[in-house]
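Scroll down for the structure; my scribbles are underneath it.
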Amino acid sequence: MILRSPTSMSEAQECMAEGAVPIGGATLVWATWQRDGFPAHAMSLRDLPEANEIGPETLGSAVVLNRVDERVPEVLQKAAAGVGTGAVRRTATVGGNLVGSTLRCLLPAALVLNAHALILEPEGVHITDLTEVLAKRPLLLSLAWRTPIASVYHKEAGIAGGPPPLVVAGALHREDDGSRRLRIAVREDGEFLCDSVRCHPTAEEDLRALRNGSLGQLSNASWEAVYERVSELLARTPGR
């Protein structure tokens, strides 16, 4: 297998045009390759600057999870810190978790940030939403979002060999007209739900509106976790 590590966008596009298989930390594909055979050409984005950015409103796909720190919103930082073991986080990448993994532990955080994705194709870079990323699994270059007012994240302890543990993520955003919008995403039994509501005068009204939407299908235990996270998030933002 020939592994290339492009250092420019034009070089990365050339690799794609030649059929190179993109890899991140290879934590999800190595066992498959050992079983089924290695590709002739592979490509890593570890040396591509655009895929390694970390900032208040951007996160590159080649960033390994243990580098996701306080430069990004709290919800995304905590989501990355909760993935696997320290050894996994030193190797696994943002792109691998979102595109290559079925668990997609970073997805609830990305959803509540209302993030959009920059994807790389042989013809160039274009912006798309997370729905397309999940459906088509393109080569993710980076995520971008608008800084939220505040965010929260909760992940329950998992059971070895059991279903994916419950995850609840939340973020409060300021709209262009000055109003506030609450976004909540949940991973329950491996399924993802996300909804948002324009904030009401009271937290109880916000919770009632959320429960009347798609989050109403959650189990009582999961809804209790949502209730706690929403209450925590709104308590941090007085004057709403």
Side-chain angles (χ1 to χ4, degrees), residues 1-55 57-69 71-72 76-77 79-111 113 115-145 164 190 192:
M1 180 180 73
I2 299 174
L3 176 62
R4 295 180 62 181
S5 297
T7 58
S8 68
M9 296 292 284
S10 59
E11 188 181 355
Q13 289 172 253
E14 178 183 321
C15 292
M16 292 188 71
E18 294 174 355
V21 177
I23 63 171
T27 55
L28 297 171
V29 298
W30 196 261
T32 301
W33 286 349
Q34 287 182 313
R35 184 191 66 222
D36 300 336
F38 288 77
H41 299 274
M43 173 179 64
S44 169
L45 301 184
R46 64 188 176 190
D47 295 327
L48 187 64
E50 292 86 349
N52 284 277
E53 294 181 348
I54 308 176
E57 296 188 336
T58 187
L59 183 62
S61 64
V63 174
V64 292
L65 299 182
N66 74 338
R67 290 183 57 218
V68 180
D69 55 22
R71 286 173 285 181
V72 304
L76 196 51
Q77 179 186 354
V83 175
T85 64
V88 169
R89 293 191 294 274
R90 288 191 293 272
T91 306
T93 63
V94 170
N97 185 272
L98 285 171
V99 181
S101 170
T102 56
L103 295 178
R104 293 172 175 152
C105 297
L106 301 185
L107 181 57
L111 288 171
L113 291 175
H116 60 266
L118 277 69
I119 63 173
L120 181 62
E121 297 180 328
E123 300 78 20
V125 177
H126 80 266
I127 299 173
T128 188
D129 58 27
L130 292 175
T131 302
E132 181 177 347
V133 172
L134 300 180
K136 298 182 179 180
R137 299 196 173 197
L139 179 55
L140 178 66
L141 189 62
S142 63
L143 296 175
W145 58 85
F192 296 89

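From a predicted model like this one, the values you see are computed outputs, not experimental measurements.
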Got a second to check how far [X]'s [atom1] is from [Y]'s [atom2], nearest 0.5 Å?
X	Y	atom1	atom2	result
R71	E53	CZ	CD	11.0 Å
L65	Q77	CG	CD	12.5 Å
F192	L107	CZ	CG	5.0 Å
S142	H116	OG	NE2	7.5 Å

Find out whether V72 and I54 are in side-chain contact, i.e. whether some heavy atom of one side chain is under 4.5 Å from a heavy atom of the other. yes

Less than 4.5 Å apart, any side-chain heavy atom of Q13 and any of L120? yes

Evaluate L139 against L45 for side chain to side chain contact (heavy atoms under 4.5 Å, CB included), listing each step before the verdict. CA-CA 10 Å; L139 179 55; L45 301 184; 3.9 Å; yes

Shortest non-hydrogen contact from [X] toward [Y]:
X	Y	answer
A109	A79	CB-CB, 4.0 Å
P6	S44	CD-O, 3.2 Å
A62	T93	O-CG2, 3.8 Å
E11	T7	OE1-N, 3.2 Å

Going through the checks in order, is the side chain to side chain contact (heavy atoms under 4.5 Å, CB included) test met by L48 and L141? CA-CA 9 Å; L48 187 64; L141 189 62; 3.7 Å; yes

Just by distance, do the side chain of [X] and the backbone of [Y] share a donor-acceptor pair under 3.5 Å?
X	Y	result
N97	C105	yes
S5	D47	no
R89	V83	yes

List for me each residue that meets side-chain hydrogen bond (donor to acceptor under 3.5 Å, both in side chains) alongside S10, sequence neighbours excluded, and say none if there are none. S8

Donor-acceptor list for residues 130-138 side chains, cut-off 3.5 Å, not counting sequence neighbours:
{"from": "E132", "atom 1": "OE1", "to": "T128", "atom 2": "OG1", "distance (Å)": "2.3"}
{"from": "R137", "atom 1": "NE", "to": "V99", "atom 2": "O", "distance (Å)": "3.3"}
{"from": "R137", "atom 1": "NH1", "to": "V99", "atom 2": "O", "distance (Å)": "3.2"}

Starting from the C-alpha separation in whole Å, work towards a yes-or-no answer on side chain to side chain contact (heavy atoms under 4.5 Å, CB included) for E18 and M43. CA-CA 10 Å; E18 294 174 355; M43 173 179 64; over 6 Å; no

Step by step, work out the side chain to side chain contact (heavy atoms under 4.5 Å, CB included) result for L143 and L98. CA-CA 10 Å; L143 296 175; L98 285 171; 3.6 Å; yes

H41 NE2: over 12 foreign heavy atoms closer than 6.0 Å: no

